[in-house]
Amino acid sequence: MRVGITKNSALVVVDMQEDFCEGGSLPVRGCREIVSKINKYVGYFQRAGLTIVATRDWHPPNHVSFRVRGGPWPPHCVAGSEGAQFVKGLKLPEDVVVISKATEPDVEAYSAFTLTPLHYILAMRGVKRLFVVGVATDYCVKETAMEALKLGYEVVVLIDAVAGVSEETSKKALEELVSSGAILAVEEDLIR
Ligand SMILES: [Zn+2]
């Protein structure tokens with residue numbers, strides 16, 4: 001399906017952080033591989049003067065999602081740490097909108113809209129269509145895209161620039177997104 005990068009579009013780069021890439025504390029296979037494709041998308045949006053958002057997990061050291069607190073994950077993306085930095089080689093523009101999420105010790109947040117100003121910022125800029133890339137397909141990409149749909153955005157998941165924790169749950173996540181109204185696309189589908 002052909003999809004247009006319209007004037008009211010924005011790119012949302014989800015959690016492209018060192019800890020989620022190979023060599024990090026919670027690596028998603030394929031994370032480093034999608035960096036160059038994401039850079040290409042960033043270039044398209046940047047040249048068109050469109051909003052580019054980069055979300056990041058930005059946890060306190062005692063975050064509820066960590067195993068020491070009974071959560072499912074090893075410690076990762078502790079605010080300010082090396083592992084929380086954006087992936088080496090990721091080229092974000094100077095005016096990128098950085099959204100830090102899951103910053104409260106007792107609240108997990110896979111969606112970049114949870115307790116952040118993201119919806120407000122996008123609404124102020126008249127954004128209606130979101131193109132979503134990043135990691136992990138089955139967690140933060142999924143939940144961010146799902147919440148965007150609920151908030152009334154048109155959502156396009158660029159499936160040549162996402163990577164997931166497991167193949168099975170990633171496939172399920174994409175199916176769920178499609179049944180909820182998201183469009184799946186690759187670079188060749190874009191009209192820009
Ligand atoms: Zn996290």
Side-chain angles (χ1 to χ4, degrees), residues 10-35 38 42 52-90 92 96-122 130-151 153 155 157-159 161-174 176-177 180 182:
L11 178 68
V12 180
V13 180
V14 177
D15 294 8
M16 287 300 288
Q17 294 167 272
E18 280 295 334
D19 270 345
F20 291 132
C21 278
E22 293 86 344
S25 66
L26 183 46
V28 175
R29 208 191 320 146
C31 177
R32 291 196 194 277
E33 215 179 294
I34 59 175
V35 171
I38 292 176
V42 167
I52 297 163
V53 175
T55 75
R56 60 184 184 185
D57 246 5
W58 202 246
H59 296 316
N62 60 339
H63 190 247
V64 66
S65 75
F66 297 170
R67 278 184 196 133
V68 283
R69 289 206 49 202
W73 309 116
H76 62 277
C77 300
V78 172
S81 70
E82 196 103 328
Q85 303 310 305
F86 289 120
V87 179
K88 285 180 201 78
L90 183 68
L92 296 170
V96 64
V97 176
V98 174
I99 296 292
S100 302
K101 62 184 176 63
T103 60
E104 296 292 321
D106 299 334
V107 186
E108 175 62 309
Y110 291 145
S111 163
F113 291 98
T114 304
L115 301 174
T116 74
L118 181 56
H119 183 44
Y120 175 77
I121 292 168
L122 295 174
L130 297 183
F131 290 78
V132 184
V133 298
V135 293
T137 314
D138 31 3
Y139 293 93
C140 293
V141 167
K142 178 193 168 195
E143 294 305 328
T144 298
M146 283 300 263
E147 198 162 351
L149 287 166
K150 280 181 204 139
L151 290 167
Y153 294 94
V155 174
V157 180
L158 295 168
I159 52 172
V162 295
V165 173
S166 102
E167 208 171 306
E168 201 192 322
T169 49
S170 296
K171 190 170 166 262
K172 251 181 150 171
L174 292 177
E176 210 179 312
L177 281 165
S180 304

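From a predicted model like this one, the values you see are computed outputs, not experimental measurements. In listed order, ligands and their atoms are each counted from 1.
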Take Arg56 and Asp15, measure what salt bridge (charged side-chain N to carboxylate O under 4.0 Å, His left out) needs, and give me the verdict at the end.
CA-CA 5 Å; Arg56 60 184 184 185; Asp15 294 8; over 6 Å; no
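In plain terms, the two heavy atoms of Thr144 and Tyr110 that are nearest each other are OG1-O, 3.5 Å.
A 6.0 Å sphere centred on CD of Glu22 holds more than 12 heavy atoms belonging to other residues, nucleotides or ligands.
Checking side-chain atoms of Ser170 against main-chain N and O of Thr137 turns up no donor-acceptor pair under 3.5 Å.
For the Zn ion (ligand 1), protein N, O or S atoms closer than 2.8 Å were enumerated as Asp57 OD2, His59 NE2, His76 NE2, with waters left out.
Test Gln17, His63, His76 against Asp57 for side-chain hydrogen bond (donor to acceptor under 3.5 Å, both in side chains) and you get one pass: His76.
In this structure the side chain of Tyr153 reaches within 4.5 angstrom of the side chain of His119, judged on heavy atoms.
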